[in-house]
Visitor: 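Sharing a structure below in structure tokens format, with a few things to ask.
Remember, it's a predicted structure, so these values are computed and weren't measured experimentally.
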Amino acid sequence: MTVERRTPPECYRRAIDAHRQAARPSLADLGIAEAVERQTAAMRELSRRAFPEPDVVADDAPAPIKAARFLHRRQAAATQETALRRARAERAAQHGGSARLTGIASTRP
């Protein structure tokens with residue numbers, strides 16, 4: 001199957017030619033181009049200092065994000081367990097049962 005190419009309109013060809021002839025101002029002047037290169041190198045160096053690459057980590061060591069997630073989950077589980085103990089003790093106290101509040105300060109006189 002052959003594809004037939006159509007000739008683009010004259011205005012399109014003129015626009016393409018004008019685009020090809022136009023030089024970007026920052027690249028037209030060699031001094032500006034060199035200044036841009038220096039600035040880019042300086043920015044990369046500042047970025048490298050601000051955000052250094054992490055040291056090589058052993059393959060079996062957990063990634064920092066995994067360690068943080070594990071710690072967060074463990075803290076959340078401990079908080080939930082404490083809240084459940086307190087709620088059970090308060091419910092038992094309200095229903096007249098003898099609830100033992102261990103490690104929880106009672107707010108009632």
Side-chain angles (χ1 to χ4, degrees):
M1 180 171 153
T2 60
V3 177
E4 184 180 332
R5 290 189 166 212
R6 295 186 313 201
T7 328
E10 183 62 31
C11 60
Y12 177 80
R13 273 192 257 137
R14 278 184 288 166
I16 293 295
D17 289 340
H19 177 73
R20 288 180 182 153
Q21 291 174 3
R24 290 178 42 194
S26 63
L27 299 179
D29 185 5
L30 186 58
I32 293 175
E34 289 172 354
V36 168
E37 288 298 320
R38 285 192 307 271
Q39 184 178 12
T40 302
M43 292 293 287
R44 285 189 181 141
E45 178 61 24
L46 288 172
S47 176
R48 188 188 61 77
R49 279 193 239 158
F51 307 104
E53 289 292 323
D55 296 331
V56 177
V57 179
D59 288 337
D60 60 345
I65 189 72
K66 288 183 181 178
R69 283 182 183 157
F70 176 75
L71 180 62
H72 178 72
R73 286 181 183 142
R74 188 169 59 182
Q75 290 171 343
T79 302
Q80 182 180 18
E81 184 61 34
T82 303
L84 285 172
R85 265 191 258 124
R86 171 175 262 171
R88 288 177 185 141
E90 288 176 356
R91 189 179 318 129
Q94 286 176 354
H95 294 308
S98 60
R100 209 171 118 205
L101 297 174
T102 56
I104 302 172
S106 178
T107 57
R108 296 181 184 205

Visitor: Should we say atom CD of Q80 is surrounded by more than 12 heavy atoms from elsewhere, each under 6.0 Å from it?
Guide: no

Visitor: Going from CZ on R38 to CD on E34, what distance comes out if it is rounded to the nearest 0.5 angstrom?
Guide: 6.5 Å

Visitor: Would you say that R86 contacts T82 through its side chain, given a criterion of any heavy-atom pair below 4.5 Å between the two side chains?
Guide: no

Visitor: How many angstroms lie between CZ in F51 and CG in L46, if you round to the nearest 0.5 Å?
Guide: 10.5 Å

Visitor: Quick check: does any side chain N or O of S47 sit under 3.5 Å from a backbone N or O of M43, one acting as donor and the other as acceptor?
Guide: no

Visitor: Taking atom CD1 of I32 and atom CD of Q39, what is their separation to the nearest 0.5 Å?
Guide: 12.0 Å

